[in-house]
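Because the structure is a prediction, the values reported are computed rather than measured. Proteins get letters first, then strands, A, B, ... in listed order; numbering begins at 1 in each.
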Number of protein chains: 2
Amino acid sequence: MALIVQKFGGTSVANRDRIFNVARIVANTRNAGNEVVVVVSAQGDTTDDLIQKAAEISSNPSQREMDMLLATGEQISISLLAMALSELGVPAISLTGWQAGFHTDRAYTKARIRRLDSERVESELARNRVVVVAGFQGLNRMEDITTLGRGGSDTSAVALAAALHADRCQIFTDVEGVYTADPRFIPRAKRLDEITFDEMLELAGAGAQVLNNRSVELAKKYGVELEVLSSLNPVPGTVVKEVTSDMEGMLIKGVAKDTDVAVLTILNVPDVPGTSFKVFGVLAQKNINVDIILQGTGREGDKDLTFTVPLSDADTALRVLKENQHRFGGKDITVDTGCAKVSVVGGGMKSNPGVASRMFEALFEANVNIRMISTSEIKISVIIDKADADRAVAAIHDAFIH
Amino acid sequence: MALIVQKFGGTSVANRDRIFNVARIVANTRNAGNEVVVVVSAQGDTTDDLIQKAAEISSNPSQREMDMLLATGEQISISLLAMALSELGVPAISLTGWQAGFHTDRAYTKARIRRLDSERVESELARNRVVVVAGFQGLNRMEDITTLGRGGSDTSAVALAAALHADRCQIFTDVEGVYTADPRFIPRAKRLDEITFDEMLELAGAGAQVLNNRSVELAKKYGVELEVLSSLNPVPGTVVKEVTSDMEGMLIKGVAKDTDVAVLTILNVPDVPGTSFKVFGVLAQKNINVDIILQGTGREGDKDLTFTVPLSDADTALRVLKENQHRFGGKDITVDTGCAKVSVVGGGMKSNPGVASRMFEALFEANVNIRMISTSEIKISVIIDKADADRAVAAIHDAFIH
């Protein structure tokens with residue numbers, strides 16, 4: 001008998017039929033002799049509807065009250081799924097985030113899990129029940145409801161799997177696993193049987209949306225084996241774990257595109273110590289994530305500082321940089337929103353120096369101009385024109401994956 | 001500075017504009033120098049929508065899961081109202097039933113309050129905030145969410161007023177107070193300035209739907225002065241309290257109609273001890289409320305037993321009585337669903353023997369046939385044909401209220 005945590009996203013429980021589809025997957029897992037804990041998100045558009053209700057009241061609602069509001073979405077899903085399981089003859093009980101023991105810090109709308117007291121979940125499992133837990137939510141020290149922010153339900157599932165020492169954590173989604181590229185755009189993209197945590201992290205960071213980085217980080221930290229698979233066609237999917245078994249196998253695990261990118265450039269910054277610290281400190285204070293940084297040499301004792309931020313943060317970044325420009329100097333600050341990041345990811349490239357050159361060759365042959373390059377042990381990213389992005393992904397995918 | 005509990009029903013918070021209307025009432029009360037605790041129900045049709053979602057999953061859903069589901073309705077309302085108050089510059093915080101300290105028994109869907117720990121509410125008041133509490137809900141000993149059943153939000157408000165020793169508990173509704181009869185049908189109906197708890201209880205029991213019996217009972221028990229008033233036109237309404245100030249004033253406080261009535265008759269029951277106990281014991285076991293009981297004399301050592309039950313329970317009552325008829329005997333059991341109960345209520349009638357005769361005279365002149373009569377210290381009820389009900393109410397109202 002294994003203990004399995006299964007997580008289903010909002011589209012998987014969007015209506016009555018899909019809820020029963022999920023209930024059947026859970027029932028099959030349990031009838032095969034397993035204990036099952038299920039984590040679900042809010043139904044389909046529920047979260048958007050609730051956000052709309054709040055927007056009608058206030059353009060800047062209290063974050064505490066937003067969490068109070070949004071947490072109802074998962075509470076609806078869990079009760080309905082527990083009812084559906086009972087209909088299929090499977091004893092089930094739903095638990096909110098706080099009932100399931102999720103204690104978080106007090107950062108409303110993007111709380112982090114501090115502690116998980118899994119006694120209640122364990123006692124319900126011991127009573128032979130399937131436990132249906134509301135993802136995305138917890139309770140802070142003031143006993144107020146918090147939500148975990150983007151990818152929160154995946155994180156809830158991994159945290160439960162870690163606390164319960166589950167044998168596996170299955171993340172059900174609308175694709176059949178992790179692919180070497182987005183199969184909607186690259187028809188020849190292949191589903192991976194296995195991928196390492198590090199590769200998955202790089203792929204997620206590079207724009208692949210199948211798993212949230214936070215949940216992969218947590219899974220890596222606690223050694224929780226993840227499986228990504230489809231709720232509509234629940235055949236074996238992609239297993240994400242510490243070490244994969246393909247010895248000297250596929251060099252490249254995936255090619256990903258990220259168009260949520262803006263390039264900022266500060267021209268003619270004085271070439272003195274502390275400049276980068278001041279620039280990026282200002283952005284960090286605003287919680288703006290800087291990704292690729294490129295520092296070119298200017299003409300006379302100065303330099304150009306170029307870096308990427310999420311597209312949605314570009315306006316804020318430009319504003320705070322201009323407000324603080326007296327602290328680090330520079331002539332002009334420009335922002336370019338017409339670009340995209342394309343990355344190749346794979347553990348195999350560590351010991352294989354030819355990967356970069358093969359990638360650049362493919363881009364050259366596809367007539368794609370490279371504007372920035374960033375490399376890590378298991379990833380190479382390039383910033384190119386947004387209009388070239390799909391062509392670039394296809395060319396790189398063709399060059400590496402046959 | 002007074003402490004005032006204000007309760008608003010579902011129609012009062014049905015949409016954005018109504019939420020702001022409520023927020024303005026609360027803001028005005030607070031700006032007049034009062035501390036305010038607000039209790040709200042789920043928005044408009046939310047509860048019905050949630051019940052519909054459950055009905056799509058199961059024809060007989062778990063009551064625990066129903067409470068988990070339905071409790072989201074008030075949680076949505078409280079967060080939106082707290083946001084609206086903030087928009088008006090009033091510091092506010094929302095609390096779910098369990099956060100506000102409502103502990104109940106474990107009777108899901110119709111839980112009763114066992115204890116109210118008001119520390120959190122008091123500490124938020126001390127921080128100068130308006131506290132917006134979810135009505136209708138609490139937590140049982142297993143830390144599971146329960147709901148209080150019909151009229152639950154009124155009961156929540158009264159319980160909070162009692163625990164906080166509030167100066168007044170205002171129940172906002174869609175009418176401007178308690179009337180001598182339903183003003184939709186009796187245009188000459190008058191709004192009462194005051195009414196006693198006992199009179200209000202009899203009126204509510206007689207079919208007046210303005211206040212739920214349970215909340216009035218609780219208010220009487222803890223001496224919480226209630227005020228019933230309109231959220232759309234918040235002028236002074238009707239105050240419900242232990243002793244009213246009108247010395248020898250209006251004899252009759254109201255005339256009410258209840259069409260949720262069925263009359264059951266068991267014919268030729270043996271006239272031996274224990275018959276009533278057996279009949280009504282069977283019904284009590286099924287939680288069926290028996291209202292008026294009439295025991296006539298039969299011919300030969302037997303009797304006819306006639307009584308009323310809520311219309312919705314008539315089928316169940318007939319079934320369980322037939323199943324258990326061997327225990328108390330009798331020839332036939334009949335059920336009549338074409339009747340109504342019309343009642344006059346007023347503390348003044350205690351010492352005024354002319355009330356009953358004046359009522360019967362009015363019914364006689366209106367050509368209404370009386371089928372059953374029941375009297376108490378402050379109420380007289382008659383069972384008549386449903387088709388005569390509105391005419392009967394008008395005739396009685398005319399006879400007493402000028």
Distance col, row A:Leu81:CG vs B:Glu65:CD, nearest 0.5 angstrom, shows 9.5 Å
The interface call for B:Glu87 against chain A, heavy-atom contacts under 4.5 Å, is side chain
Interface check, chain A: of B:Ser77, B:Ala71, B:Ser79, most non-hydrogen pairs under 4.5 Å belong to B:Ser79
*asked:* What I'd like to find out is whether the side chain of B:Met66 reaches to under 4.5 Å of the side chain of A:Met83, using heavy atoms alone.
replied: yes
Under 4.5 Å to a heavy atom of chain A? For B:Ser94 that would be both
Side chain to side chain, B:Ile76 and A:Met68, heavy atoms closer than 4.5 Å
no
The interface call for B:Leu85 against chain A, heavy-atom contacts under 4.5 Å, is neither
| message | Taking B:Ile93's backbone N and O only, do any of them form a donor-acceptor pair with A:Arg64's side chain (distance below 3.5 Å, no angle check)? | response | no
Applying a strict 4.5 Å limit to non-hydrogen atoms, the region of B:Thr96 in contact with chain A is both
Most heavy-atom pairs under 4.5 Å with chain B, out of A:Asp144, A:Ile78, A:Leu50, belong to A:Asp144
Tell me, yes or no, whether the heavy-atom count around B:Arg106 atom CZ, taken from other residues, nucleotides or ligands under 6.0 Å, exceeds 12.
no
query: When you measure from the side chain of B:Arg120 to the backbone N and O of A:Met142, does any donor-acceptor pair fall under 3.5 Å?
result: yes
Crowding at CG, A:Asp315 (>12 non-hydrogen neighbours, <6.0 Å): no
Exercise. Would you find a donor on one side and an acceptor on the other, under 3.5 Å apart, between the side chain of A:Gln99 and the backbone of B:Glu143?
Worked result: yes
The interface call for B:Gln43 against chain A, heavy-atom contacts under 4.5 Å, is side chain
Does atom CZ (A:Arg112) have a neighbourhood of more than 12 heavy atoms from anything else shown, all under 6.0 Å? no
Okay, A:Ser58 and chain B: the region with an atom under 4.5 Å from a heavy atom over there is both
Separation between NZ (B:Lys53) and CG (A:Asn15), nearest 0.5 Å, reads 9.0 Å
If one checks every heavy atom of B:Ala23 against chain A at 4.5 Å, the contacting part turns out to be neither
When every non-hydrogen atom of A:Ile57 is compared with those of B:Leu80, the smallest separation belongs to CG2-O, 3.8 Å
**Q.** A:Asp105, CG: over 12 other non-hydrogen atoms inside 6.0 angstrom
**A.** yes
(Q) Counting C-beta onward and ignoring hydrogens, is there a side-chain heavy-atom pair between B:Gln75 and A:Ile145 closer than 4.5 Å? (A) yes
Applying a strict 4.5 Å limit to non-hydrogen atoms, the region of A:Leu69 in contact with chain B is both
